[in-house]
There are 2 protein chains.
Amino acid sequence: MKQNPDTTTEQLILETAENLFLEKGFALTSTTEIARIAGCNQALVHYYFRTKDRLFDAVFEKNAGLFISAFLQGVEENISFEEKVRKKVEIQYDILKANPKMPFLFFNELNTNPKRLNLLKEKIGNLTKSFFLQMENELRVEIEKGTIRPMTAMNLMLTILSLNLVLFLASPVLKVITDMTDTEFQSLIESRKRENVTVILKSLRP
Amino acid sequence: MKQNPDTTTEQLILETAENLFLEKGFALTSTTEIARIAGCNQALVHYYFRTKDRLFDAVFEKNAGLFISAFLQGVEENISFEEKVRKKVEIQYDILKANPKMPFLFFNELNTNPKRLNLLKEKIGNLTKSFFLQMENELRVEIEKGTIRPMTAMNLMLTILSLNLVLFLASPVLKVITDMTDTEFQSLIESRKRENVTVILKSLRP
DNA sequence: GCATATATTAATAAGATTATTAAATAATAA
DNA sequence: TTATTATTTAATAATCTTATTAATATATGC
């Protein structure tokens, strides 16, 4: 059963589960299907992860971590504010580009399963608070210098997140209604990063 | 069983189904639960709509229509380009504000169910094409006049959609991780419309 | 090799879900 | 009233799901 000796069956199951969860979400994925695709007995899925819920948690935790890091990504370097913003946007965009299905899973499960919302809060509750405070401070300095217009951290954060997220959330819809080929869509993804940076930097101008 | 004589049982079932589908999506909503909440026998749900799929289609079609209208909304009036953009953004935002759960349903089902993607395409395939062409034309005129920077219709449309959508898609997450009260969140929704218009208009500047 | 632990499978219990059917009830028209 | 149609219900078939269990195969240490 083990095709690749480097991968344990447990890992194989986890990876298969991740792919399916990312593809169709929690509810539409069954442990039976996970086992079928992983090429093992269905009981084995439960042997390693006990319940479907725990298996999902393992997948979700990893992806939530990625998402949060994409979101809270800090830039320490000694560069101008404009360059800091640019870097922040680009790093977030790159993480999303490398994990294009992750936003779907994230929003889908947090919208449908309140339990997971609470888990998320426990995990990052105060992380965000300090993140916002720091951002507020940086913004205040720039606003007082007159280099950017008055603007709250919440609004800037929402703008960045919005622009970066939607392309990936909407990609299946976009591809179909605009009749784009995969390569056309790939080049849209490439060019969109620059556009997002432009929009955000222009939106900051006084 | 009929509490309100103005509403037929069929309508009641449809409305109940809509609420539940919007809340939890297709997969997590059962016809049994729809019947329980509508206060009728489960077989009745099937009597009126035959299958769960058809019932969902009825709900989805209505909501997809709303979404598309939010998206393709045209502004005919004889006003400046800047005012046209402002109106477009505001109208779309208002439709989303009036139907805050609709984007979740829309993206969730189109991401998980390819069948529905094809239905959507059939319905609006060429509508979008002419919409994009018109937008390209309007943009070209302004770009040649030098009133806005070079910019594709796709990018402008994506920017508008991104900014307007994400607040509603992310509302459950946002509320929880920022500890906002409902009234605080409500006022964020109010203020965000102005901010989106500002960002978009600034992003158009040469 | 043998004993022990680990991994894997087949079988199945328990419960939920969609959909159908036949019977009962309510509404309507003649 | 009575016949006919529309609405509603109870019962249930068929299928699928998660999860458990006991039995089998495989690996590991001694």
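Every chain is numbered from 1 and lettered A, B, ... according to where its sequence line falls, protein lines coming before strand lines. Everything numeric here is computed off the predicted structure, so don't read it as measured data.
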Note to self: Please tell me whether B:F107 and A:F107 form a close aromatic pair, meaning their ring centres lie under 6.0 Å apart.
What the structure shows: no
Next item on the list: Calculate the interatomic distance between B:N41 atom CG and C:dA24 atom P; express it in whole Å.
Entry: 15 Å
Notebook entry, point to check: Between C:dA7 atom C1' and A:I13 atom CD1, what is the distance in whole Å?
Noted result: 10 Å
Next item on the list: Please report, rounded to the nearest Å, how far the C1' atom of C:dT8 is from the CD atom of A:Q42.
Entry: 13 Å
Item checked: Nearest-Å distance for atom pair CG/P, residues B:L44 and C:dT20 -> 15 Å
Notebook entry, point to check: What is the distance from NE2 of B:H46 to P of D:dT8, rounded to the nearest Å?
Noted result: 15 Å
Note to self: Please evaluate residues A:E61 and A:R54 with respect to the criterion salt bridge (charged side-chain N to carboxylate O under 4.0 Å, His left out), reporting the C-alpha separation (whole Å), side-chain torsions for both, the decisive distance (0.1 Å), and the verdict.
What the structure shows: CA-CA 10 Å; A:E61 198 129 330; A:R54 280 162 176 266; over 6 Å; no
Checklist line | Gap between atoms CZ and C1', on A:R54 and D:dT20 respectively (whole Å) | finding: 15 Å
Margin query: If you only use heavy atoms from C-beta on, which nucleotide in D:dA19, C:dT20, C:dT17 is closest to the side chain of B:S30?
Written below: C:dT17
Check: Can the ring centres of B:F168 and B:Y93 be said to be less than 6.0 Å apart?
Finding: yes
Next item on the list: Give a yes/no on whether any side-chain N or O of A:Y47 is located under 4.0 angstrom from OP1 or OP2 of C:dT8.
Entry: no
Next item on the list: Report the C-alpha distance between B:K115 and B:D53 in whole Å, list the side-chain angles of each, state the deciding distance to 0.1 Å, and finish with yes or no for salt bridge (charged side-chain N to carboxylate O under 4.0 Å, His left out).
Entry: CA-CA 11 Å; B:K115 191 194 87 192; B:D53 232 62; 2.5 Å; yes
Next item on the list: Calculate the interatomic distance between B:K52 atom NZ and C:dT17 atom P; express it in whole Å.
Entry: 9 Å
Notebook entry, point to check: Which part of the nucleic acid, if any, lies within reach of A:T32 when heavy atoms closer than 4.0 Å are counted: base, sugar-phosphate only, or nothing?
Noted result: base
Check: Does OP1 or OP2 of D:dT8 have a side-chain N or O of B:T9 closer than 4.0 Å?
Finding: yes
Next item on the list: Find the distance B:L28:CG to C:dA16:C1' and express it as a whole number of Å.
Entry: 13 Å
